[in-house]
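Small disclaimer: the values here were computed from a predicted structure and weren't measured. A note on names: the letters A, B, ... follow the listed sequences, proteins ahead of strands, and every chain is numbered from 1.
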Amino acid sequence: MKKFIFGKLTLDALPHQWFTIGGTVFMFLMVLTAVIILTKYKRWSWLWHDWLTSTDPKKIGTMYVIFATFMFFRGMIDVALIWLQQALAADGEGFLEAGHFQEIFTSHGDIMVFFVTMGYFFGFMNWIIPLQIGARDLSYPFLNSLGFWLTVAGGLLINAFFIIGGHFANTGWLAIAPLSSLEFNPGVGVDYLIWSLQLSGLGSLLAGINFIATIIKKRAPGMTLMRMPLFVWTSLCGMVLIISAFPVLTAVTFMLWLDRFFEMHFFTVSHGGNQMMYFNLIWMWGHPEVYILVLPAFGMYSEIISTFSQKQISNYTSMVWASIIITGLSYLVWLHHFFTMGAGPEVNSFFGIVTMIIAIPSGVLVFNWIQTMLKGKIVFATPMCWSIGFIIIFLLGGMTGVFMASPPADFQVHNSLFLIAHFHAQIIGIALFGVFAGLTYWFPKIMGFTLDEKSGKVAFWLWFVGFYVAFTPLFILGFMGATRRLDTYRAETGWQPFFIIALFGFLIISAGIITQVYQIIVSIRDRKLNRDTTGDPWNGRTLEWATTSPPPAYNFAKIPTVEGIDAFWLIKNKQRLREYEDIELPKNTGMGVYISIFAFLAGFGIVWHIHWLIVLGIIGSVACLIRFSFDEHRDYILPAAKVALLEEAQ
Amino acid sequence: MMEKELDTELKSDAKIFGFWIYLMTDLIVFAALFASFIVLRKSTFGGLPASEIFELPLALSETIILLVSSFTCAMGMLAIHQRQKKAALLWFALTFVLGIAFLFLEINEFAKFIHEGNGPGRSAFLSSFFTLVGTHGTHITVGLLWMVVEMFRISYRTLSAQNVSRIFRMVIFWHFLDFVWIFIFTTVYGMTHLI
């Protein structure tokens, strides 16, 4: 009976280590504070009706950004622990146990990739893509809300072990089999990882379908494919990668779960299981994933560099084709993640050469960015600083990437800290700098006031310098033979000074993060001074600047007609027409929240083998979907008179 | 005239377009499962090989049932286009019965294998077999549930463009499952017997 009600869940699962107790207390305090504030200011109804149930992509985008920011701090705490441990760990002097250290780097990887980087990018896409293509909404407003809430459910599940479970997966972020199989990992940590990724992966997939359909179907008249802003183009490429790669992740983690739940033998050591299949399948998703993380950022930089150089982007067509070629090639390189695993020289050569070829379209992008700046009137605003910093780090990351694409070289540095430094150069330099650039660039559009420039620039320099101080030692350590994921090492290796320098770099980066928090606080304080009254604070070129900041729920009172690349630039000084039409908008719905709650319960039940909860979760979410399908009045009409009233008010 | 308008509306329906994209993603899930099956099909871990476990006549009858159900389903959609609710309900009910028959045969087959000691935990080969065919079976179950929902919709709601689009998506989902099954029949049952 007890087993029926609680499955594998026992009292031992409650927090009893310092980090789970700390995490639990912290989370409860956070929730408690939120509850007190919301009750005191009577904001519950506002929260539910204006935000949580919203189908407005700008609001969903803001929720994505807030969620990703929380997860960013969560991931940065992991970083602090990892670097502190490694700086202290000579001859086993560290303060963390090996198992705990492994859990930390596992959750660091998963959180930063799935919830931080992807969360921010989905946020920006929700904010900006409808505006840039001159649309009022996404194709499927409900699916957008559902996708966001599924991502949140995944984010809760990846942190649930603090409160119930005690341990996360200790396998590394990809849960490589057979280490993640039942035989070697009988606890619930891997199940938490699998189901967190399943839920958020489903959310990403829904978002991917939604954005593709939106970009293909909802562009304003005149916005041909070859006139789309580059952010829309690279997002489209990223979304194509999502819909083709994420199903593989779903399938492979599902098989891993079958191995664990039903004791099947896909990837086990005995009974004919094939572990190499796990490697191949997970990296068939994993390498395209790398480009899912960087392609949208490439587009952002193109927008920003063009705006702040006050020139049209150079060679627009070649930028588009370079992005498309990168998209295509990214399917053909997954094996370079495991050259050392015995595929043989012919196969390794193929994958090595294809990997090197990616440097060509990437080079096209870099040269075009530089050419755009050439003879431009460059404005060194904060977003532009991030973009220039990005180009420099991207070169470093890209060069080391080409170096490792050569199999014999890769054999020397495989799984070493050199590799870690390389891909952090790419993910921090491209994706995270892109996040910060995009945030400062588009913040005024969504919030209606600009961010403080001075502290923004200080934050940039701290990040930029901190990055080099933190990661240059890792490149060197890689050559000295230090492997990744070390919780301890011998003192006579002479590695400790480098780890200490790296820790120092992390402190500089932390100062950068604190400056960013300060930047946001100061900007909110001075929001009246920094108010963006024009809707076009940067002298922008694309359509998002053609409407007010923040834009009305319907984005454009009249859908603009596009006459070329840089659509807004071409119509900038024309008189705006004052005739209005009825506008159809989606109603809010709480269904996305309800379904995700049931999905979370199902995921939690699966992790702990609580069968009734699994059934309840699945039936609940299906019932909600069916109920919603009978709701035939999901839109409402905003009459032209009201639009006129809203527009004249500005 | 009415039909024509509806047809053009269906062609430009954004939801149907998105549903096609979803079907492609589902196809990739199946592709990964097919690949696993092909890699693992000889990993029997000392157990019986595929050719001695599978029964082709059973698989063939499943195939015929599913192909016929695809036909009846298409007839149902045709009736919807002609605004004949009763005929549509009849065709979809027939499809539903065929789908149940297919599921019945499949579950029987699974039960027999497990009873003979060839369950999914027996070997990597059988894990991949049960997962691939079982995933298809799960999709069929979802399809049947969806069909019941749409039959309710046909009975109680008007055939507005929005609702016809829903029914159409259910129908292409059903055809899609038929399409996947043809690959299962040839790859899982056919190929293991020949090669």
Under 4.5 Å from a heavy atom of chain B, the part of [X] involved:
| X | value |
| --- | --- |
| A:Ile243 | both |
| A:Leu205 | side chain |
| A:Val622 | side chain |
| A:Met255 | side chain |
| A:Phe254 | side chain |
| A:Leu249 | neither |

Top residue by heavy-atom pair count (under 4.5 Å) with chain B, among [options]?
| options | value |
| --- | --- |
| A:Ser629, A:Gly273, A:Gly208, A:Ala251 | A:Ser629 |
| A:Ala245, A:Ala213, A:Ser270 | A:Ala213 |
| A:Glu263, A:Met264, A:Lys218, A:Met284 | A:Met264 |
| A:Ile216, A:Leu206, A:Thr250, A:Asn210 | A:Ile216 |

Using atom types as modelled and distance alone, determine if a side-chain donor or acceptor of [X] lies under 3.5 Å from a backbone N or O of [Y].
| X | Y | value |
| --- | --- | --- |
| A:Asp259 | A:Ser181 | no |
| A:Arg634 | A:Thr589 | no |
| B:His136 | B:Leu132 | no |
| B:Ser165 | B:Ala161 | no |
| A:Thr55 | A:Lys587 | yes |

Please check if the distance between the ring centroids of [X] and [Y] is under 6.0 Å.
| X | Y | answer |
| --- | --- | --- |
| B:Phe96 | B:Phe92 | no |
| A:Tyr291 | A:His287 | yes |
| B:Trp174 | B:Trp146 | no |

Exercise. Could you walk me through whether A:Glu183 and A:Thr268 pass the side chain to side chain donor-acceptor pair (under 3.5 Å) check?
Worked result: CA-CA 8 Å; A:Glu183 191 181 354; A:Thr268 52; over 6 Å; no
For this session: Please say whether more than 12 non-hydrogen atoms of neighbouring residues, nucleotides or ligands are located less than 6.0 Å from OH in A:Tyr636.
Result: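 Buried by this count: over 12 neighbours within 6.0 Å.
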For this session: Using a cut-off of 6.0 Å, state whether more than 12 heavy atoms not belonging to A:Phe261 lie near its atom CZ.
Result: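 More than 12 within 6.0 Å, yes.
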Exercise. Do A:Met118 and A:Ile292 touch side chain to side chain, with heavy atoms closer than 4.5 Å?
Worked result: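 In contact.
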Toward chain A, the part of [X] with a non-hydrogen atom under 4.5 Å:
| X | result |
| --- | --- |
| B:Asp26 | neither |
| B:Arg166 | side chain |
| B:Val149 | both |

Exercise. Using non-hydrogen atoms and a limit below 4.5 Å, what part of residues 28-38 of chain B faces chain A?
Worked result: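 B:Ile28, B:Val29, B:Ala32, B:Leu33, B:Ser36, listed by number.
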Exercise. Can you pull out the residues in residues 102-119 of chain B with any heavy atom less than 4.5 Å from chain A?
Worked result: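 No residue falls under the 4.5 Å cut-off.
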Exercise. With respect to chain A, which residue among B:Val39, B:Thr131, B:Leu126 yields the maximal number of heavy-atom pairs within a distance under 4.5 Å?
Worked result: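 Most heavy-atom pairs under 4.5 Å with chain A: B:Thr131.
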Exercise. Between B:Tyr189 and B:Thr63, is a side chain to side chain donor-acceptor pair (under 3.5 Å) present by the stated rule, with each step listed?
Worked result: CA-CA 11 Å; B:Tyr189 295 96; B:Thr63 311; over 6 Å; no
